[in-house]
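Below is one structure, written out as structure tokens, with a few remarks after it.
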Amino acid sequence: QVQLVESGGGLVQAGGSLRLSCAASGSIFSINAMGWYRQAPGKQRSLVASILSSGSTNYADSVKGRFTISRDNAKNTVYLQMNSLKPEDTAVYYCNSNIKISYGMSYRDYWGQGTQVTVSS
């Protein structure tokens, strides 16, 4: 099966930086989009940033100019560099990946377990 393992969350002061990583492993034939979502208490999970295998990126308006998503296709890993962090960035961050596990099968979404990011004011 497929596993997504996240790392890099933690506690940081406002204005600080964190880098999240998410590595996909297991039975992987191909990966299309990879991305990061976040969910704050009492709120719905929402897209933070995504990146296609081509390198094309998409960001939520609230993080544009502060966060950068990148990926290493050889390592099946996606990164999220978060700079100028704000208290409102506090949330559980989830890695998402659109993966095909064998030729002839469809792509489907897989999720990581989530990593807590807390930004203190």
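Heads up: numbering here begins at 1 and tracks the sequence.
- With values rounded to the nearest 0.5 angstrom, Ser7 atom OG is found 9.0 Å from Tyr79 atom OH.
- With a 4.5 Å cut-off on side-chain heavy atoms, Ile31 and Asn73 do not count as touching.
- Under the side chain to side chain contact (heavy atoms under 4.5 Å, CB included) test applied with Arg38, the options Val117, Val63, Leu47 reduce to a single match, Val63.
- Both Leu85 and Tyr59 sit in one connected hydrophobic cluster of ILVMFWY residues. Membership requires side-chain heavy atoms under 4.5 Å apart, directly or through other members.
- Other residues, nucleotides and ligands contribute at most 12 non-hydrogen atoms within 6.0 Å of the CD atom of Gln3.
- Defined by atom type and a distance below 3.5 Å, a donor-acceptor pair is present between the side-chain atoms of Tyr107 and Ser30.
- Shortest non-hydrogen contact noted between Asn83 and Ser17 is OD1-OG, 2.9 Å.
- Atoms CE and CG, on Met34 and Leu80 in that order, are 12.0 Å from each other to the nearest 0.5 Å.
- The distance from the OG atom of Ser21 to the CZ atom of Arg71 is 14.0 Å, given to the nearest 0.5 Å.
- Note: Gln13 CD to Ser121 OG = 9.5 Å, rounded to the nearest 0.5 Å.
- Screening Leu20, Val48, Asn58, Val78 against Ile69 for a side chain to side chain contact (heavy atoms under 4.5 Å, CB included) leaves a single residue, Val78.
- Contact check for Tyr110 versus Ile101: side-chain heavy atoms found under the 4.5 Å cut-off.
- Atom CE in Met82 sits 11.5 Å away from atom CZ in Arg19 (nearest 0.5 Å).
- Shortest non-hydrogen contact noted between Ala24 and Ile99 is CB-CD1, 4.3 Å.
- Using cut-offs of 30° and 60° for the angle between ring planes, the Phe67 and Tyr93 rings count as tilted.
- With respect to the salt-bridge test (charged N to carboxylate O, under 4.0 angstrom), the residues Lys64 and Asp61 qualify.
- Looking at Glu6 and Trp36, their side chains come closer than 4.5 Å, going by heavy atoms from C-beta outward.
- Proximity of a side-chain donor or acceptor of Thr90 to a complementary backbone N or O of Val119 within less than 3.5 Å is detected.
- Between the CG atom of Leu4 and the OG atom of Ser97 there is a distance of 5.5 Å, given to the nearest 0.5 Å.
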Walk me through it: do Leu52 and Asn32 pass the test side chain to side chain contact (heavy atoms under 4.5 Å, CB included)?
-> CA-CA 6 Å; Leu52 299 180; Asn32 187 11; 4.1 Å; yes

